[in-house]
Amino acid sequence: MYYKSAPPRARFAIWLSTLLLLAGCKKANTCEINPEVAKIEAPVQVERLEQSFFAIKNEAEAQQFLARNPLLANQFLQRRQYPSDAALAATLTRLATNPGLQKLGRETLAEFSSTDTLQMELKQLMQHVRYYFPDFRVPPVKTFVSGLSQDLFVNDSLMVLSLDFFVGPKASYRPNVPGYILRRYTPAHLLPTVAQAISSKYNQPLPANQQTMLGEMIQLGKSLYFTEKVLPCTPDSVLIGYTAEELAGLEFNESKVWAHFIEKKLLYNNSPFTIQKYVSERPNVPEIAKTAPGRIGAWVGWQIVRKYMDNHPNVTLAKLMAMKDPQVILNESRYRPKRK
């Protein structure tokens, strides 16, 4: 299949519109919160732990840090995996006194210097979540420098943001992942990462008989649609972590991409190996084209879910996330991308 790049004029138009959207989302007069969402109570408590962590000089101080932060110790640092608290305290002391990590900590604090800004952004995210899911419990938020060990932790009782992952290209040390994943570790990608993690609370697991290519595509598409709805000012390229050029190419070739899934009879394929080629992390999907980005199945699933929701304005986000039959979503989406 011949997968074309978007024409230069189209690429420029998409690139320009993306830049305008990115700029516009920073202006309250062009990207305002829905007044109904703004009324939602969603108190967010952000506690910055970076400075108290780097104040640790010995194991006794590390023990005190653990005692002050029991949820962090138990759930994020996984206290039970250590033979004793002393062993965990020794590990924390080595990290806190490591010159390289201290440097990364300073860079992290410089990039995320405003707690008020972070708290406001998280509050707006949580307001949107509670708008669609009124019973959602906003967990306390802790920011931390984990030494690039875990980027995020979230459950009903705790959210930990390892901000050292999201400092961006200027950081002295970055996550040890391929470049096509690394580009998603920037400040702009922090909130989409949080939103997708929260979506898993509501995205119903696939039944055994629905674990097909289509099932995985719709599952991932629902997660992206959830993220889109709770972060309405965030460009698609940031939500999914593609470059503007990759997204332009996908939009231009959408009908060809869909034709590939149909012609190769992939939708009902249940081979995990085949499914992962299209929905998992890869630099590209050469089965379609060398320039087709990885996780392309997730993007197609997102477009199907969008079309379904466009056709069903009375379906709530909560009802969508609870749906277990991907075939119903596909059929009722009437997804038929037109050739460009």
Side-chain angles (χ1 to χ4, degrees), residues 43-123 125-126 137-178 181-191 193-194 197-198:
V44 175
Q45 300 295 328
V46 176
E47 183 180 5
R48 305 295 297 265
L49 297 179
E50 298 93 334
Q51 290 183 335
S52 60
F53 170 65
F54 284 111
I56 294 172
K57 301 299 182 218
N58 53 56
E59 292 180 21
E61 292 176 350
Q63 292 269 22
Q64 293 169 7
F65 177 85
L66 293 171
R68 290 194 303 269
N69 299 283
L71 281 178
L72 181 86
N74 293 334
Q75 299 186 35
F76 183 74
L77 298 176
Q78 299 183 332
R79 171 186 257 154
R80 292 182 180 178
Q81 292 192 6
Y82 291 82
S84 65
D85 275 5
L88 175 54
T91 298
L92 283 184
T93 303
R94 285 194 297 272
L95 288 171
T97 57
N98 179 281
L101 188 55
Q102 289 175 339
K103 181 179 182 181
L104 181 57
R106 291 191 294 272
E107 293 168 347
T108 301
L109 286 168
E111 182 62 44
F112 295 95
S113 59
S114 174
T115 303
D116 289 343
T117 299
L118 180 60
Q119 187 156 308
M120 179 193 68
E121 292 173 345
L122 285 168
K123 179 181 178 180
L125 167 59
M126 299 306 175
R137 293 174 53 189
V138 180
V141 180
K142 316 285 185 183
T143 66
F144 193 57
V145 171
S146 69
L148 302 175
S149 64
Q150 182 178 347
D151 56 358
L152 177 71
F153 176 90
V154 58
N155 64 16
D156 289 339
S157 58
L158 178 67
M159 178 183 293
V160 180
L161 309 178
S162 290
L163 297 182
D164 49 329
F165 271 85
F166 297 94
V167 174
K170 295 181 181 179
S172 299
Y173 304 95
R174 303 206 66 199
N176 184 25
V177 295
I181 299 175
L182 189 63
R183 67 183 180 219
R184 303 204 297 269
Y185 283 121
T186 72
H189 293 89
L190 174 61
L191 289 185
T193 303
V194 172
I198 294 173

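Since this is a predicted model, take the numbers as computed values, not measurements.
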Do you know the tightest heavy-atom contact between [X] and [Y]?
X: P187; Y: E111; answer: CG-OE2, 3.4 Å
X: P43; Y: V138; answer: O-CG1, 3.5 Å
X: A62; Y: T93; answer: CB-OG1, 3.5 Å
X: A73; Y: L66; answer: CB-CD2, 3.7 Å

Quiz prompt | Note, F54 side chain near L101 side chain (heavy atom, < 4.5 Å) | solution = yes

Self-check item: Check: V44 and L125 side chains under 4.5 Å, non-hydrogen atoms
Solution: no

Self-check item: Criterion side chain to side chain contact (heavy atoms under 4.5 Å, CB included) on L72 and F53, from CA distance to verdict
Solution: CA-CA 12 Å; L72 181 86; F53 170 65; over 6 Å; no

Quiz item: Looking at residues at least two apart in the chain, or sitting in another chain, which of them share a ring pair (Phe, Tyr, Trp, His ring centres under 6.0 Å) with Y185?
Solution: F165, F166

Exercise. List the steps, then state whether side chain to side chain contact (heavy atoms under 4.5 Å, CB included) holds for Q119 with V141.
Key: CA-CA 9 Å; Q119 187 156 308; V141 180; over 6 Å; no

Exercise. Please check if the side chain of E107 supplies one atom and the backbone of S172 the other of a donor-acceptor pair under 3.5 Å.
Key: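 Judged by distance alone, yes, a pair lies under 3.5 Å.
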
Working to the nearest 0.5 Å, report the span between [atom1] of [X] and [atom2] of [Y].
X: Q75; Y: R80; atom1: CD; atom2: CZ; value: 9.5 Å
X: D164; Y: T143; atom1: CG; atom2: OG1; value: 10.0 Å
X: R48; Y: L118; atom1: CZ; atom2: CG; value: 6.5 Å
X: T91; Y: Y82; atom1: OG1; atom2: OH; value: 4.5 Å
X: M120; Y: T115; atom1: CE; atom2: OG1; value: 12.5 Å
X: L152; Y: F144; atom1: CG; atom2: CZ; value: 14.0 Å

Quiz item: Taking everything shown except N176 itself, do over 12 heavy atoms lie less than 6.0 Å from its CG?
Solution: no

Quiz item: Do N155 and S157 have side-chain atoms, one donor and one acceptor, less than 3.5 Å apart?
Solution: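 Result is yes, a qualifying pair exists.
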
Exercise. Check the pair L161, F112 against side chain to side chain contact (heavy atoms under 4.5 Å, CB included), reporting the backbone distance first and the verdict last.
Key: CA-CA 11 Å; L161 309 178; F112 295 95; over 6 Å; no

Quick one: list whatever passes side-chain hydrogen bond (donor to acceptor under 3.5 Å, both in side chains) with [X], sequence neighbours left out.
X: T186; result: H189
X: D85; result: R79
X: S162; result: S146

Exercise. Any side-chain hydrogen bond (donor to acceptor under 3.5 Å, both in side chains) involving residues 51-73? Give me the pairs, sequence neighbours left out, ordered by first then second residue.
Key: none

Practice problem: Carefully, step by step, assess L104 and L148 under the rule side chain to side chain contact (heavy atoms under 4.5 Å, CB included). | Solution: CA-CA 10 Å; L104 181 57; L148 302 175; 4.1 Å; yes

Self-check item: salt bridge (Lys or Arg N to Asp or Glu O under 4.0 Å): pairs with one or both residues in residues 140-151, sequence neighbours excluded
Solution: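 Every pair satisfying salt bridge (Lys or Arg N to Asp or Glu O under 4.0 Å) with a residue in residues 140-151: E47-K142.
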
